[in-house]
Amino acid sequence: MELSADWVVGFVDAEGCFHVSISRHPEMTVGFQVLPEFVVVQHHRDRPILMALKRFFGAGVVRRNHDDRDCLRIRNFDGLKRVCQFFMEHPLKTKKNVDFRKFRRIVLLMERKAHLNRDGLLQIIAIALTMNSTERPALERVRQELLQIG
């Protein structure tokens, strides 16, 4: 299955998600790990589309998500940089472009190693808290903890 750039933009506008989570990781410099990911979830019958997107971006893993759903997850940093480059050259058309640009700022901060110090991690958290229009209590707890050790 060959995918065109325009098709990918429209499909991701409808079905994709740019997500950033942070988890405790004692071996990391600041004690936390930043986990950016690009995700597309589909019904299992549409797994071939996820496989085609994986080939298109040259990155990611396709696996079972929940129940009758599969997902493509791109977490590898080089793969995420390719995803970001693609969507800079082929902009998303919906509000998802706003979240994408925030996601890209986080990836660029990580490329500059900002996630390895407290202030950079706080900057990343501040951006992530404005993404995807949902409350993020876990991120807020990490932010509060970092502010207390400041």
Can you list, pair by pair, the side-chain donor-acceptor contacts under 3.5 Å of residues 71-79, counting residues two or more places apart and other chains?
residue, atom, partner, partner atom, Å
Arg73, NH1, Glu37, OE1, 3.2
Arg73, NH1, Glu37, OE2, 3.2
Arg73, NH2, Asn65, OD1, 3.4
Arg75, NE, Glu37, OE1, 2.7
Arg75, NH2, Glu37, OE1, 3.0
Asn76, OD1, Asp78, N, 2.9
Asn76, OD1, Gly79, N, 2.9

Legend entry - Matching residue for Asp70 among Arg63, His43, Arg47, Arg45 - test: side chain to side chain donor-acceptor pair (under 3.5 Å): Arg47

Inset, instruction - Quick one: list whatever passes ring-ring contact (aromatic ring centres under 6.0 Å, His included) with His90, sequence neighbours left out. - result: Phe86

Inset, instruction - Could you walk me through whether Arg101 and Met88 pass side chain to side chain contact (heavy atoms under 4.5 Å, CB included), step by step? - result: CA-CA 9 Å; Arg101 290 183 178 273; Met88 288 305 293; 3.4 Å; yes

Inset, instruction - Can you establish whether the number of heavy atoms outside Glu2 located under 6.0 Å from its atom CD is more than 12? - result: no

Legend entry - Cluster check Leu147, Leu121: I/L/V/M/F/W/Y, side chain < 4.5 angstrom: yes

Legend entry - Contacts of type salt bridge (Lys or Arg N to Asp or Glu O under 4.0 Å), residue Arg105, not counting sequence neighbours: none

Inset, instruction - Evaluate the side chain to side chain contact (heavy atoms under 4.5 Å, CB included) criterion for residues Arg104 and Leu108: first the C-alpha distance (whole Å), next the side-chain angles of each, then the deciding distance (0.1 Å), finally the verdict. - result: CA-CA 6 Å; Arg104 180 176 175 264; Leu108 292 173; 3.7 Å; yes

Legend entry - Contact summary for Val62 and Leu50, nearest pair of heavy atoms: CG2-O, 3.8 Å

Inset, instruction - Dump the intermediate steps for side-chain hydrogen bond (donor to acceptor under 3.5 Å, both in side chains) on Gln144 and Gln148, then the final yes or no. - result: CA-CA 6 Å; Gln144 290 299 323; Gln148 289 175 359; 5.1 Å; no

Legend entry - Nearest non-hydrogen partners of Met110 and Pro36, listed with the distance: SD-CG, 3.7 Å

Legend entry - Heavy-atom pair of closest approach, residues Thr130 and Asp99: O-OD1, 4.1 Å

Inset, instruction - State, with a plain yes or no, whether a side-chain heavy atom of Asn117 is found less than 4.5 Å away from one of Thr29. - result: no

Legend entry - Within-4.5 Å side-chain heavy-atom neighbours: Gln85 and Glu89: yes

Inset, instruction - Would you check if Leu109 and Ile127 make a side-chain contact, meaning some heavy-atom pair closer than 4.5 Å? - result: yes

Inset, instruction - Starting at CE of Met131, measure out to CZ of Phe100 and round the result to the nearest 0.5 Å. - result: 10.0 Å

Legend entry - Minimum side-chain heavy-atom gap Cys84-Phe103 below 4.5 Å: yes

Inset, instruction - Decide yes or no for Arg143 and Leu122: does some side-chain heavy atom of the first lie under 4.5 Å from some side-chain heavy atom of the second? - result: yes

Inset, instruction - Check Arg82 against Gly58 and note the closest heavy-atom contact, atom names and distance. - result: NH2-O, 2.6 Å

Inset, instruction - For Asn132 and Phe18, indicate whether the former's side chain and the latter's backbone hold a donor-acceptor pair under 3.5 Å. - result: yes

Legend entry - Gap between atom CD1 of Ile125 and atom CD1 of Ile22 - 0.5 Å precision: 4.0 Å

Inset, instruction - For residues Val30 and Arg118, report the shortest heavy-atom separation together with the two atoms involved. - result: CG2-N, 3.7 Å

Legend entry - Over all atoms of both residues, closest heavy-atom pair of Met28 and Leu116: CE-CD2, 4.0 Å

Legend entry - Residue pair His44 / Asp68, side-chain donor-acceptor N/O under 3.5 Å: no

Inset, instruction - Check the pair Phe32 / Glu145 against side chain to side chain contact (heavy atoms under 4.5 Å, CB included), numbers first and verdict last. - result: CA-CA 11 Å; Phe32 294 94; Glu145 187 175 328; 3.6 Å; yes

Legend entry - Backbone of Asp13 reached by a side-chain donor or acceptor of Lys96 within 3.5 Å: yes

Legend entry - Heavy-atom side-chain proximity of Ile49 to Met1 below 4.5 angstrom: yes

Inset, instruction - Check the surroundings of atom NZ in Lys113: do more than 12 heavy atoms from other residues, nucleotides or ligands lie under 6.0 Å from it? - result: no

Legend entry - Joint hydrophobic cluster, Leu146 plus Ile106, side-chain heavy atoms closer than 4.5 Å: yes

Legend entry - Val107 vs Val83 side-chain heavy atoms within contact, under 4.5 Å: no

Inset, instruction - State yes or no: do Phe38 and Trp7 share one hydrophobic cluster built from I, L, V, M, F, W and Y residues joined by side-chain heavy-atom distances below 4.5 Å, directly or via other members? - result: yes

Inset, instruction - Could you tell me whether the side chain of Arg64 and the main chain of Asp67 form a donor-acceptor pair under 3.5 Å? - result: yes

Inset, instruction - Taking the side chain as every heavy atom from C-beta outward, state whether Leu3 and Phe11 have any atom pair closer than 4.5 Å. - result: no

